[in-house]
Number of protein chains: 2
Amino acid sequence: MLNIAGLLKEKKLTVTPQRVEIVNLLSTNRHINVDELYALLHTNFPSISLATVYKNINTMLESEILSEVQIFNAKNVYELAKEEHSHIVCTSCNEILELPIDLQVIYKEAESKSAYSLKSASLVFSGKCPRCSSSKV
Amino acid sequence: MLNIAGLLKEKKLTVTPQRVEIVNLLSTNRHINVDELYALLHTNFPSISLATVYKNINTMLESEILSEVQIFNAKNVYELAKEEHSHIVCTSCNEILELPIDLQVIYKEAESKSAYSLKSASLVFSGKCPRCSSSKV
DNA sequence: CTGACTGCAAACGTTTTGCACGGTA
DNA sequence: TACCGTGCAAAACGTTTGCAGTCAG
């Protein structure tokens with residue numbers, strides 16, 4: 001069970017019911033975009049504003065409570081922050097899968113080939129999920 | 001030397017001076033965004049419209065003459081399409097480097113772990129280029 | 001009590017669209 | 001000539017901002 005208030009305090013953020021609910025929703029719905037989040041929030045906060053959702057997402061991105069995943073040809077989705085990992089997006093149904101892939105070797109290769117000092121990497125695969133692969137196109 | 005008209009015809013696109021110039025500019029300026037492209041086009045096409053730039057980029061993306069690179073916290077940039085490759089973006093000066101990295105092993109790992117059938121991958125590193133690393137912050 | 005957050009409305013930047021005209025094939 | 005592309009203006013879209021009122025600490 002996630003201690004959401006504690007998480008927010010740890011990052012020196014004010015604990016508001018809206019923020020708690022955003023984190024709560026993202027803990028059970030990884031990879032949803034702003035509109036989906038907004039729609040879900042309406043259940044408990046009928047008068048919540050989209051601006052509040054954006055402001056809180058941005059605040060929590062800066063505090064690294066959340067992270068953002070950029071999806072090709074779709075709106076960014078959000079997830080609770082955790083160690084670096086890759087994503088696979090189904091081009092048919094847009095389902096997103098997380099994948100713990102060790103990029104150590106690739107990092108090394110990239111650093112030696114580029115002479116850059118690297119901080120982070122974003123690896124997103126596109127493909128078809130098993131369900132969409134098996135169904136006729 | 002690039003046969004631009006031939007490239008366009010091959011993809012069954014009408015050859016217009018604007019399209020030729022867009023491809024021409026991208027052949028010497030990889031990784032520029034819409035605004036930069038628009039500004040460069042103004043030299044030879046003082047009355048070109050931004051809508052035309054967008055329409056042509058979209059058309060040529062669909063025909064796979066161009067490809068789009070999504071840059072975190074910055075506008076998308078464009079390049080002439082070629083084999084899959086990775087990118088490194090400098091977080092200080094935004095310079096973009098292309099890197100031919102073999103993702104075969106990673107693809108295999110991702111496929112077996114996910115059961116997805118994968119089509120493509122986007123790998124973008126963030127870091128500091130040698131110039132920005134050496135200069136005082 | 002003070003500062004931070006919320007909700008509303010308006011503003012903003014980017015991209016797309018509709019349309020009349022002009023160019024390509 | 002028939003169709004497609006261009007340029008303009010307006011619309012659409014996603015996100016941010018300013019502000020007055022409210023809530024958290």
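Not measured: the values here are computed from a predicted model.
One can place NZ of A:K9 at 12 Å from P of D:dA24, the figure rounded to the nearest angstrom. Per the geometry, CG belonging to A:L8 stands 16 Å off P belonging to C:dA4, to the nearest Å. What separates CZ of B:F45 from P of D:dT6 is a distance of 9 Å, to the nearest Å. Distance, A:Y38 OH to C:dT6 C1': 13 Å, rounded to whole Å. Between B:L41 atom CG and D:dG5 atom P the separation is 17 Å, expressed in whole Å. Distance B:K55 NZ to C:dC19 C1': 9 Å, rounded to the nearest Å. Nucleotide D:dT17 holds its C1' atom 14 Å from the OH atom of A:Y54, rounded to whole Å. A:E36 places its CD atom 12 Å from the P atom of D:dG14, with the value rounded to the nearest Å.
Using a 4.0 Å heavy-atom cutoff across all strands shown, A:L13 reaches no nucleic acid atom at all. Residue B:N56 is classed as a sugar-phosphate contact, given heavy-atom separations below 4.0 Å to backbone atoms only. Using a 4.0 Å heavy-atom cutoff across all strands shown, A:T52 reaches at least one base atom of the nucleic acid.
Regarding contacts with the backbone of C:dT14, every side-chain N or O of B:N33 stays at 4.0 angstrom or more from both OP1 and OP2. Remark: A:T16 is in phosphate contact with C:dT6, judged by side-chain N or O atoms under 4.0 Å from OP1 or OP2. Not one side-chain nitrogen or oxygen of A:S49 sits closer than 4.0 Å to the OP1 or OP2 atom of C:dC8.
Nearest-nucleotide assignment on DNA chain C puts the 5′-proximal partner with B:L50, out of B:L50 and B:P17.
More than 12 heavy-atom neighbours from other residues, nucleotides or ligands sit within 6.0 angstrom of NZ on A:K82. By the 6.0 Å contact criterion, NZ on A:K75 is enclosed, its count of non-hydrogen atoms from other residues, nucleotides or ligands being greater than 12.
The A:K75 side chain lies nearest to D:dG14 when the options are C:dT24, D:dG14, D:dT6. For A:N58, the listed nucleotide lying nearest its side chain is D:dT16; candidates were D:dT16, C:dT24, C:dC5. If you check D:dG7, D:dG5, D:dA24 against the side chain of A:T14, the one that comes closest is D:dA24. With distances taken from any side-chain atom of A:R19 to the nucleotides D:dG7, C:dC8, C:dC5, the minimum falls on C:dC5. Counting only heavy atoms from C-beta on, B:V15 has its side chain closest to C:dA25 among C:dG7, C:dA25, C:dT16. When distances are taken from the side chain of A:Q18 to each of D:dT6, C:dG7, C:dA25, the shortest belongs to C:dG7.
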Q. How far apart are the C-alpha atoms of A:M60 and A:K11, what are their side-chain angles, what is the distance that settles it, and do they pass the side-chain contact (heavy atoms from CB on, under 4.5 Å) test?
A. CA-CA 9 Å; A:M60 294 197 274; A:K11 305 287 186 172; over 6 Å; no
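Residue B:A121 comes nearest to B:Y107 through the heavy atom pair N-OH, 3.1 Å, listed as atom of the first residue, atom of the second, then distance.
Interatomic distance, CG of A:N3 versus CE of A:M1, reported as 8.5 Å (0.5 Å rounding). Distance CG/A:L25 to CZ/A:R30: 13.5 Å, rounded to 0.5 Å.
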